[in-house]
Amino acid sequence: MPRPAKIRKKHENVFDQLIKAIKAPVDFDLPSVLKEWKSNYYVPIKRNFYLTKKRIEDDGIFCSCIPSSGSSVTCDKDCQCGMLFSCCSSTCKCENKCANKPFQHRTLRKTKLIKTEKCGNGVVAEEDIKKGEFVIEYVGEVIDDRACEQRLWKMKRQGDTNFYLCEVSSNMVIDATNKGNMSRFINHSCEPNTEMQKWTVEGETRVGIFALRDIKTGEELTYDYKFVQFGADQDCHCGSSNCRKMLGITKSVNSIVLHNGNLSQDQHVRKKRKTSLENCIGEIVRLWHRRHNMYLAASIYDFNERNGIHTLLFTDATIEEFDLTEEDWDFLPQP
């Protein structure tokens, strides 16, 4: 039933008066409590959520570990798979006693979300964690480089300052902004007690956070973001004796990946070595990969005597050339 003309006109007059009184658009801002809630809100997930094609690659790695005398487990520190950052799979002969399946067994360490004095939210250990132990997997939405760039520019335009993006490999980025777990709240430190490691799990590339040293109950978990920043300079508040004071260096916005508003980028201090490895084909090395910003295991596939360049075969079956005199690397012991 249509409204009477008098009532319609009365309402129209009220809105006309309001518009005249306001004159200009009103600036609206969320209360600080709601802003904090928005930055902390995310959908909890246990595994990566793929928004791009999932890549499964057979790295061809397997082990033949058997329990040592007096031990109830197999695949300890000398496991061929573990040394190459690959979890044992169904092709291995280690069976159910395998200790090299941190992602599959998912023995997550007990942690607690806290509010820090200067660094927003943080994560502390609620139990003792030993050096080398798996702490938690870094999970989120898996996107490609194009989607990553689109998200970054959208966040930039909206003025968002809390980003949680981690570049895993070429055209593979884990974005924990909307979906993730407690790992998204781990803060940066110039002297961290954990590190990110890229592992192959049943052909899938996944990222885990592992303890660099023994961690006591109540100690905050940290790792080095190794980024260049996206925007204004930021002070570092980690408080370590080796603090670099500033977070990152300025760089162009083309092809960048951020974490907590900062770009994951190599600031690793390389330990150059003078070496001649022409007779070391087949040796296994652990190399700091500048593009991935983490140590990766590889085998020496070939050596060019003319230019001194080594060809390395990585666990994801990619092959790259390096001048090892300019890289940070170490031999890995073979079983």
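Please read all numbers here as calculations on a predicted model, not as lab measurements.
A salt bridge links Lys179 to Glu141: at least one charged side-chain nitrogen sits closer than 4.0 Å to a carboxylate oxygen.
Contact check for Leu51 versus Ile143: side-chain heavy atoms found under the 4.5 Å cut-off. A 4.5 Å side-chain heavy-atom check between Leu313 and Ile300 finds every atom pair outside the cut-off. A 4.5 Å side-chain heavy-atom check between Cys81 and Cys87 finds every atom pair outside the cut-off. Within the 4.5 Å cutoff, side-chain heavy atoms of Tyr138 are placed close to those of Cys166. Side chains of Val168 and Lys198 form a contact here, defined as non-hydrogen atoms less than 4.5 Å apart. Counting heavy atoms from C-beta on, the side chains of Asn48 and Glu137 come closer than 4.5 Å. Proximity of Thr116 to Glu220: side-chain heavy atoms (C-beta onward) are separated by under 4.5 Å at one or more points.
Listed for the Asn178 side chain is no donor-acceptor partner under 3.5 Å among the backbone atoms of Val43. Between the side chain of Glu127 and the main chain of Lys216, no donor-acceptor pair closer than 3.5 Å is present. Judged by distance alone, the side chain of Glu326 and the main-chain N or O of Asp323 form no donor-acceptor pair under 3.5 Å. Panel note: side chain Asn304, backbone Ile309; no donor-acceptor pair is recorded below 3.5 Å.
Figure legend: cation-pi geometry between Arg184 and Tyr42, with NZ or CZ positioned under 6.0 Å from the six-membered ring centre and within 45° of its axis.
With sequence neighbours left out, Lys53 forms a side-chain contact (heavy atoms from CB on, under 4.5 Å) with no residue at all. Phe49 meets the ring-ring contact (aromatic ring centres under 6.0 Å, His included) test with no other residue; sequence neighbours excluded. Residues passing the salt bridge (charged side-chain N to carboxylate O under 4.0 Å, His left out) test with Glu195 are Arg286, sequence neighbours excluded.
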Original post:
Going through the distances and angles, do Ile209 and Ile186 end up as a side-chain contact (heavy atoms from CB on, under 4.5 Å)?
Top reply: CA-CA 10 Å; Ile209 296 175; Ile186 298 179; 3.7 Å; yes
**OP:** Report the C-alpha separation of Gln150 and Arg146 in whole Å, then their side-chain angles, then the decisive distance to 0.1 Å, and conclude whether the side-chain contact (heavy atoms from CB on, under 4.5 Å) test is met.
**Re:** CA-CA 6 Å; Gln150 290 172 346; Arg146 182 178 180 181; 3.8 Å; yes
Original post:
Where do Glu219 and Asn193 land on the side-chain contact (heavy atoms from CB on, under 4.5 Å) test, with the steps shown first?
Top reply: CA-CA 9 Å; Glu219 187 175 349; Asn193 52 21; 3.4 Å; yes
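Taking hydrophobic clusters as Ile, Leu, Val, Met, Phe, Trp and Tyr residues chained together by side-chain heavy-atom distances below 4.5 Å, Ile174 shares a cluster with Leu108. Tracing side-chain contacts under 4.5 Å through hydrophobic residues (I, L, V, M, F, W, Y), one never reaches Ile319 starting from Leu324; they form parts of separate clusters. Ile136 and Val201 fall within a single hydrophobic cluster, where Ile, Leu, Val, Met, Phe, Trp and Tyr are joined by side-chain heavy atoms under 4.5 Å apart, directly or via other members.
Looking only at atom types and distance, the side chain of Ser240 has no donor-acceptor partner in the side chain of Asn242 under 3.5 Å away. In summary, the side chains of Glu320 and Thr311 do not present any donor paired with an acceptor at a separation below 3.5 Å, with no hydrogens or angles considered. Counting only N and O atoms by type, the side chains of Tyr50 and Glu204 include a donor and acceptor under 3.5 Å apart. Between the side chains of Thr222 and Asn187, no donor-acceptor pair of N or O atoms lies under 3.5 Å.
The neighbour count for Phe210 CZ, taken as heavy atoms of other residues, nucleotides or ligands under 6.0 Å away, is above 12.
A perpendicular orientation is assigned to the rings of Phe185 and Tyr164, their planes being inclined by more than 60° (bins at 30° and 60°). Ring pair Phe314/His289 is perpendicular by interplanar angle, where above 60° counts as perpendicular and below 30° as parallel.
The aromatic ring centres of His310 and Phe322 sit 6.0 Å or more apart.
The NZ atom of Lys118 sits 6.0 Å away from the NE2 atom of His237 when rounded to the nearest 0.5 Å.
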